[in-house]
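Just so we're on the same page: letters track the sequence lines, and every chain starts at 1.
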Protein chains: 2
Amino acid sequence: MKRVKKKLLSDFIARKGLKSTRQRDTILDFFLASDRHMSIEELYLKVRAKHPNIGYATVYRTLKLFVEAGLAREIQFADGQTRYEHVNEGEHHDHLVCTHCGTIVEFENPVIEKLQDEVAKSHGFLIETHKMEIYGLCPKCH
Amino acid sequence: MKRVKKKLLSDFIARKGLKSTRQRDTILDFFLASDRHMSIEELYLKVRAKHPNIGYATVYRTLKLFVEAGLAREIQFADGQTRYEHVNEGEHHDHLVCTHCGTIVEFENPVIEKLQDEVAKSHGFLIETHKMEIYGLCPKCH
DNA sequence: ATGTTTATGAAAATCACTTTCAATGTTCTT
DNA sequence: AAGAACATTGAAAGTGATTTTCATAAACAT
Ligand SMILES: [Mn+2]
Ligand SMILES: [Mn+2]
Ligand SMILES: [Zn+2]
Ligand SMILES: [Zn+2]
């Protein structure tokens with residue numbers, strides 16, 4: 001799994017004529033070892049604890065690179081901070097978000113997905129992506 | 001319809017001990033006459049064209065007031081700008097967004113809504129709100 | 001080893017708001 | 001109608017998240 005992601009990045013770097021750096025490797029390691037929905041701030045603090053010399057801007061830039069390379073995806077929940085999650089080949093899911101403690105639960109529902117496709121089709125839309133988030137209180141918070 | 005919204009606002013203002021002002025009336029008129037999903041920037045520019053003396057901050061504050069009064073709702077699409085839409089009693093809908101021209105189409109799908117409730121319940125979540133947006137190309141753009 | 005090009009860190013800039021504050025307007029009390 | 005009490009306003013400053021700038025440092029092809 002981690003091997004696959006590392007290869008995705010090094011292939012992308014090679015393909016685009018970019019350069020492999022210690023910072024990118026470090027940030028990738030922390031990203032791969034992280035919770036599935038981290039904000040830049042959270043990731044930066046973790047990275048920073050071990051590598052105090054890595055800059056804020058580099059973390060931002062590197063996460064964007066991961067998105068381009070296809071190993072991360074940006075998500076925006078209702079809290080105004082961009083989060084990044086792991087992308088796995090052929091997998092899609094949506095989110096339940098606890099408005100009290102912030103817990104995020106992933107779910108897949110093929111029936112909903114299919115109905116979304118039908119909605120798009122019935123309005124003549126060529127669907128590219130969709131976003132579906134359910135906000136409420138998780139079991140621990142009610 | 002517009003009468004209803006105006007009354008909603010004046011009732012809210014009375015109930016909270018706030019004050020009725022020329023600015024609030026003007027902004028409400030423009031909001032009610034507007035497209036259903038306007039950004040503050042767009043609304044401000046329209047208002048500004050007729051009333052060059054109304055400030056940016058007032059438009060921001062007033063739209064927040066409309067939300068509190070229950071006649072507008074904030075929505076965030078993927079473009080980083082808050083938009084405000086009209087709220088109508090007992091009505092709920094989700095959105096199709098054209099990634100090319102920005103067109104927004106509203107839709108309701110009770111089956112999807114019901115499945116969302118079931119997903120939440122199956123994970124022990126007490127649902128508060130949800131957000132569902134389908135992004136793609138509208139009929140004109142493909 | 002050198003040269004060319006990309007990456008980095010720190011600081012400044014940007015973007016979309018939000019807050020501050022002195023001046024002004026609205027409503028209440030007389 | 002006048003004054004007091006309080007809310008609202010516009011302009012400008014402040015925020016918080018993110019992005020850009022730019023001089024310096026690393027990569028890596030030759
Ligand atoms: Mn996820
Ligand atoms: Mn709508
Ligand atoms: Zn919770
Ligand atoms: Zn379109």
### Task
Quickly work out the B:K16 NZ to D:dT8 P distance and round it to whole Å.
12 Å

### Query
Between C:dA7 atom P and A:L9 atom CG, what is the distance in whole Å?
11 Å

### Query
B:F12 CZ to D:dT8 P: how many Å, rounded?
10 Å

### Query
Rounded to whole angstroms, how far apart are CD on A:E74 and C1' on D:dT19?
13 Å

### Query
A:H37 vs A:H95 aromatic rings, parallel, tilted or perpendicular, using cut-offs 30° and 60°?
perpendicular

### Query
Do A:H93 and A:E85 have a side chain donor and acceptor closer than 3.5 Å?
yes

### Query
CD1 of B:I75 versus P of C:dA16: gap in Å, rounded?
17 Å

### Task
Check the pair B:E106, B:R36 against side chain to side chain contact (heavy atoms under 4.5 Å, CB included), reporting the backbone distance first and the verdict last.
CA-CA 10 Å; B:E106 304 183 335; B:R36 290 184 56 84; 3.1 Å; yes

### Query
When you look at CZ of B:R22, are more than 12 heavy atoms from neighbouring residues, nucleotides or ligands closer to it than 6.0 Å?
no

Every protein N/O within reach of nucleotides 28-30 of chain D N/O, cut-off under 3.5 Å:
unit_1 : atom_1 : unit_2 : atom_2 : d
D:dC28 : OP1    : A:S20  : N      : 3.2

### Message
Looking only at side-chain N and O atoms, does B:E42 offer a donor or acceptor that is under 3.5 Å from a partner on B:Y44?
### Response
no

Is there any protein nitrogen or oxygen under 3.5 Å from a nitrogen or oxygen in nucleotides 18-24 of chain C, and what are the pairs?
unit_1 : atom_1 : unit_2 : atom_2 : d
C:dT20 : O4     : B:R61  : NH1    : 3.2

### Task
If you link ILVMFWY side chains whenever their heavy atoms are less than 4.5 Å apart, which other residues fall into the same cluster as B:I134? By chain and number, please.
A:L96, A:V105, A:F107, A:V111, A:I112, A:L115, A:V119, A:F125, A:I127, A:M132, A:I134, B:L96, B:V105, B:F107, B:V111, B:I112, B:L115, B:V119, B:F125, B:I127, B:M132

### Message
So for atom NZ, which belongs to A:K131, do other residues, nucleotides or ligands contribute more than 12 heavy atoms lying within a distance under 6.0 Å?
### Response
yes

### Query
In this structure, are over 12 heavy atoms from other groups packed under 6.0 Å from A:E91 atom CD?
yes

### Query
Is there a residue in residues 22-53 of chain A whose heavy atoms reach under 4.0 Å of DNA chain C, and which residues are they?
A:Q23, A:R24, A:N53

Report each atom pair, protein N/O against N/O of nucleotides 12-15 of chain C, whose distance is under 3.5 angstrom.
none

### Message
Determine whether B:K6 and B:D25 satisfy the following criterion, salt bridge (Lys or Arg N to Asp or Glu O under 4.0 Å), listing intermediate values before the conclusion.
### Response
CA-CA 8 Å; B:K6 290 190 183 195; B:D25 291 347; over 6 Å; no

Could you give the side-chain donor-acceptor pairs of residues 49-70 of chain B under 3.5 Å, partners two or more places apart or in another chain?
unit_1 : atom_1 : unit_2 : atom_2 : d
B:Y56  : OH     : B:E41  : OE1    : 2.3
B:T62  : OG1    : B:T58  : O      : 2.6
B:K64  : NZ     : B:E74  : OE2    : 3.2

### Query
Would one find a side-chain N or O of A:T82 under 4.0 angstrom from OP1 or OP2 of D:dA17?
no

### B:H92 side chain to B:E108 side chain, donor-acceptor N/O pair below 3.5 angstrom
no

### Message
Is it true that A:N109 and A:K114 share a donor-acceptor pair across their side chains at a distance under 3.5 Å?
### Response
no

### Full working for salt bridge (Lys or Arg N to Asp or Glu O under 4.0 Å) between B:D11 and B:K7
CA-CA 6 Å; B:D11 287 356; B:K7 183 152 191 336; 2.8 Å; yes

